[in-house]
Number of protein chains: 2
Amino acid sequence: MRPGYTEETTLAPAAQCPDCKRINEVLSRVGDRWSVLIVVSLSQYGKLRFNELKRNLGISQRMLSLTLRELERDGLVSRTYFPTIPPKVEYALTPLGESFKEPVKQLALWALGNLSEIDNARRHYDDAQQAASEPA
Amino acid sequence: MRPGYTEETTLAPAAQCPDCKRINEVLSRVGDRWSVLIVVSLSQYGKLRFNELKRNLGISQRMLSLTLRELERDGLVSRTYFPTIPPKVEYALTPLGESFKEPVKQLALWALGNLSEIDNARRHYDDAQQAASEPA
DNA sequence: CGGTATCCGCCCAGATACTG
DNA sequence: CAGTATCTGGGCGGATACCG
């Protein structure tokens with residue numbers, strides 16, 4: 001569970017079905033913007049150095065550092081440090097990270113295959129809203 | 001970085017690979033905490049009323065309203081209003097929403113199947129950190 | 001019941017500066 | 001190169017109050 005998660009205030013924990021809770025748990029962890037992009041990048045390139053990731057993703061140093069640490073902590077990404085001068089660090093997917101590629105790929109394929117339909121639905125919705133607010 | 005690329009302080013859009021950008025786009029939209037839980041709930045129960053969703057998910061009225069509107073706008077969820085007294089509104093998945101169930105299910109299965117491994121990795125990582133900071 | 005409007009705290013994430 | 005530390009504000013999301 002990431003820091004931002006609201007650990008119940010006055011509301012019920014998260015969901016009646018325990019599965020929903022756990023699904024949400026893992027999605028909160030690995031489903032955020034940068035985690036997915038990092039996994040996708042690493043799955044494409046195999047190994048990447050810190051600044052290679054930074055350049056590829058257009059991510060700030062801070063978020064890259066934080067997200068990589070979290071991914072390493074969760075066992076999805078491995079970190080290999082070479083004490084050369086200058087230093088060199090390589091990030092790669094662990095077997096667990098590799099196993100995550102497939103579900104992500106499914107999601108990505110769905111996304112790519114349905115984005116246009118989503119865009120259409122959105123235009124349609126916006127037009128309807130527009131028409132409703134401009135009855136003149 | 002391409003030669004002509006201006007070293008602007010604001011970051012590059014999101015990613016060098018256009019696919020990453022779109023993947024991120026759709027994940028930003030439907031990958032958030034509440035959207036996924038709503039889709040999962042609707043896929044389990046078929047149709048749900050506003051307050052049924054609210055109770056099931058432990059979501060605030062505001063976020064439920066906002067998220068449902070966004071899902072409806074994106075064509076994933078249908079909204080049916082019954083002008084009875086008291087009013088009644090039913091939410092359900094559209095065909096597009098139904099098609100989203102499968103990728104989500106894959107992700108959920110991966111999550112459920114690997115959560116314990118993630119927890120193990122995390123404990124291992126935390127222990128190592130603890131040992132490193134307590135050399136006494 | 002099914003929302004909308006408003007206020008507000010708190011976290012996320014970018015910018016910047018500094019270190020090994 | 002590969003980070004860490006600190007500041008800051010913008011936005012997400014909960015609480016509350018109020019309408020149809």
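Everything numeric in this text was worked out from a predicted model, so none of it was measured. Residue numbers start from 1 in every chain, and the chains themselves are labelled A, B, ... in the order their sequence lines are given, proteins ahead of strands.
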If you measure from CG on A:L48 to CZ on A:R55, what distance do you get to the nearest 0.5 Å? 10.0 Å
Mark up nucleotides 1-7 of chain D, 5' to 3', with B wherever a protein heavy atom is under 4.0 angstrom from a base atom, S wherever such an atom reaches only the sugar-phosphate, and - elsewhere. BSBB-B-
Hey, is A:R69 close enough to A:E72 for a salt bridge, meaning N to O under 4.0 Å? no
With sequence neighbours left out, the residues meeting side chain to side chain donor-acceptor pair (under 3.5 Å) with B:N51 are none
Measure the distance from CG on B:L53 to C1' on C:dG2 and round it to the nearest whole Å. 12 Å
Measure from CE on B:M63 to P on D:dT16 and round the result to the nearest Å. 17 Å
Show me the donor-acceptor pairs, under 3.5 Å and distance only, between side chains in residues 73-80 of chain A and residues at least two apart or in other chains.
from  : atom 1 : to     : atom 2 : distance (Å)
A:R73 : NE     : B:D126 : OD1    : 2.8
A:R73 : NH1    : A:E70  : OE2    : 3.3
A:R73 : NH2    : B:D126 : OD2    : 2.8
A:D74 : OD1    : B:R122 : NE     : 3.2
A:D74 : OD1    : B:R122 : NH2    : 3.1
A:S78 : OG     : A:A92  : O      : 3.4
A:R79 : NE     : A:Y91  : OH     : 3.3

Mind checking the CG-CG spacing from A:L53 to A:L68? Nearest 0.5 Å is all I need. 6.0 Å
Examine distances only and state if a side-chain atom of A:S65 and a backbone atom of A:Q61 form a donor-acceptor pair shorter than 3.5 Å. no
Take atom CD of B:E70 and atom P of C:dG3, then tell me their distance rounded to the nearest Å. 15 Å
Specify the separation, in whole Å, of atom NZ of B:K54 and atom C1' of D:dG14. 11 Å
Rounded to whole angstroms, how far apart are CD1 on B:I85 and P on C:dG2? 14 Å
